[in-house]
2 protein chains.
Amino acid sequence: MDTATRPGLRERKKQRTRDALLRRGLELFTTRGYERTTVDEIAEAVDVSQRTFFRYFAGKEDIVFFVQEMVESQYVTEIARRPAEEAPVEVMRQAVMSCWDRIGASIEQLVPVELHLRTYQLIWETPALLAIHLRRSIEWEEKIARILAAREGVDPETDPRPRVAVGLFGGVMRVTERTWSAGGDLTVAAMRDLTTRHLDAIAPALARGW
Amino acid sequence: MDTATRPGLRERKKQRTRDALLRRGLELFTTRGYERTTVDEIAEAVDVSQRTFFRYFAGKEDIVFFVQEMVESQYVTEIARRPAEEAPVEVMRQAVMSCWDRIGASIEQLVPVELHLRTYQLIWETPALLAIHLRRSIEWEEKIARILAAREGVDPETDPRPRVAVGLFGGVMRVTERTWSAGGDLTVAAMRDLTTRHLDAIAPALARGW
DNA sequence: TGTCGTTTGTCAGTAGCTGTCACTAGTCTG
DNA sequence: CAGACTAGTGACAGCTACTGACAAACGACA
């Protein structure tokens, strides 16, 4: 067996500890609730000290957003990959759809997809998490706006269109996410369906008479 | 002087304590920074115990969002007041503008307008506050969506247009707020100007070719 | 003036998070 | 392969936001 490419024992041990904290944390959060789960409980469940938990995750919340981070960064990558002839809003739409299609392949090795989908519900029903989630969203939006601006060759500091496009698209996606997580059908199919319906409602919503 | 309509000494004392905590808190936050100001410091500056602080404000953050709450509820009231012939998005636009016009009259007796404007900057440069601010925003959005739905006689649970309209409008307003608070000109006039420019950019941003 | 109810301060305690220090167990070097 | 180095860890102490319990202080009102 090749040991040269494989990380050392120390590294593997670290990886295992992180994964354990992540999975046990998410499991405890989604079953018991975020607020009702203490850091000490997660640490104890994985049999490490509280201090060690904080060496792997800067905060309790980081457990929740670790997988989210992966998915979101993939979304941004996908945006940068879209063909040049696509209109900005269409770029974002296609990227969202494409990400939901790949979701299984991209995270399954870390956590079960079903657990990840339940995380959205956890976020939207936990005020403290929702707040952080929304802040993270607009941080991504800033990055996306810059990418779209570069794509279209405009300056985001003087031309409001990139940020406005991303902001309004994000606003609609937030509504979609909220509706999806509140509804009973927490599946990728349901999310795709809702996304289509909401994005198609943009023009009608802007129209003069309803 | 009429003492019958005037609240008693106890009530006035309470009012004074609350106002003092609010103003001193905002002053300390905007000068020293939010994280670097402790609740104990605010309490001490007003010469009450820490426990008393928490009897007036449920949390440190509530100092920051007390005036915001007033302004935002006035915004929602304004929306409900708009003439029936105005299109939904136009309703929100007019309400925003109208609120910025009245901002002086509505809060000046509580805190100086200038201090309130600086609060937006504080919020947008303090991650913890920004997170809460965004969550509060989407909570208002839900209320506004219901008002607009009722106005137009549609069911928000089946027709996506009310929430989509509010969500995308909110998304654009967030971009506006962010840009404004990051820029050098923290005035009502600058905010009005930016709002107009961003809202006018919605249609161009959605267009196929930039 | 004295009683009653509200407001307040004090004290103790919890949860999230950080700094410090010493110990142990991988890892690297000669 | 032995000894030095270093990263990961646990134990402990401390800070800040926040809460509950109880008693003292104070305004309201007869």
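So that the names make sense, note that chain A is the first sequence line, chain B the second, and so on, each numbered from 1.
- Closest non-hydrogen pair, B:L21 versus B:F53, comes out as CD2-CD1, 3.8 Å.
- The pair B:E78-B:R102 counts as a salt bridge, with a side-chain nitrogen and a carboxylate oxygen less than 4.0 angstrom apart.
- Distance B:E35 CD to C:dG16 P: 18 Å, rounded to the nearest Å.
- Nucleotides of DNA chain D nearest to A:V48 and B:G59 differ in position, and the one nearer the 5' end is that of A:V48.
- A straight line from CG of B:L21 to C1' of C:dT8 spans 13 Å, rounded to a whole angstrom.
- Listed by residue number, the members of residues 37-46 of chain A with any heavy atom below 4.0 angstrom from DNA chain D form an empty set.
- Remark: the B:R51 side chain and the D:dG20 base include a donor-acceptor N/O pair separated by less than 3.5 Å.
- For A:T52, a side-chain nitrogen or oxygen approaches OP1 or OP2 of D:dG10 to under 4.0 Å.
- In this structure, A:R136 does not pair ionically with A:E139, as no charged nitrogen and carboxylate oxygen lie closer than 4.0 Å.
- Remark: A:E141 does not engage B:R174 in a salt bridge, criterion side-chain N to carboxylate O under 4.0 Å.
- Taking side-chain N and O atoms only, A:K14 has a distance below 4.0 Å to OP1 or OP2 of D:dG8.
- Note on B:R82 versus B:E90: no salt bridge recorded, every NZ/NE/NH1/NH2 to OD/OE distance being 4.0 Å or above.
- Set against D:dA17, C:dC17, C:dT6, the side chain of A:F54 has C:dC17 as its closest nucleotide.
- The distance from atom CD1 of A:I63 to atom P of C:dC17 is 11 Å, rounded to the nearest whole Å.
- Atom pair B:Q50:CD and D:dC18:P shows a separation of 9 Å (rounding to whole Å applied).
- Rounded to a whole Å, the NZ atom of B:K13 is 20 Å from the P atom of C:dG5.
- Salt-bridge formation is detected for the pair B:R197/B:D193: a Lys NZ or Arg NE/NH1/NH2 atom is positioned less than 4.0 Å from an Asp or Glu carboxylate oxygen.
- At a threshold of 4.5 Å between non-hydrogen side-chain atoms, the residues A:F65 and A:I123 count as touching.
- Atom pair A:D47:CG and D:dT9:C1' shows a separation of 12 Å (rounding to whole Å applied).
- Distances shorter than 4.0 Å separate none of the side-chain N or O atoms of B:Y56 from OP1 or OP2 on C:dT7.
- Close to D:dC18, at under 4.0 Å from its OP1 or OP2, lies no side-chain N or O of B:K60.
- Atom OH in A:Y34 sits about 9 Å away from atom C1' in C:dG16, given to the nearest Å.
- No hydrogens or angles were tested; on distance alone, a donor-acceptor pair under 3.5 Å links the side chain of A:R55 to the base of D:dG10.
- Following rounding to the nearest Å, B:R12 (CZ) and D:dC26 (C1') show an atom-to-atom distance of 14 Å.
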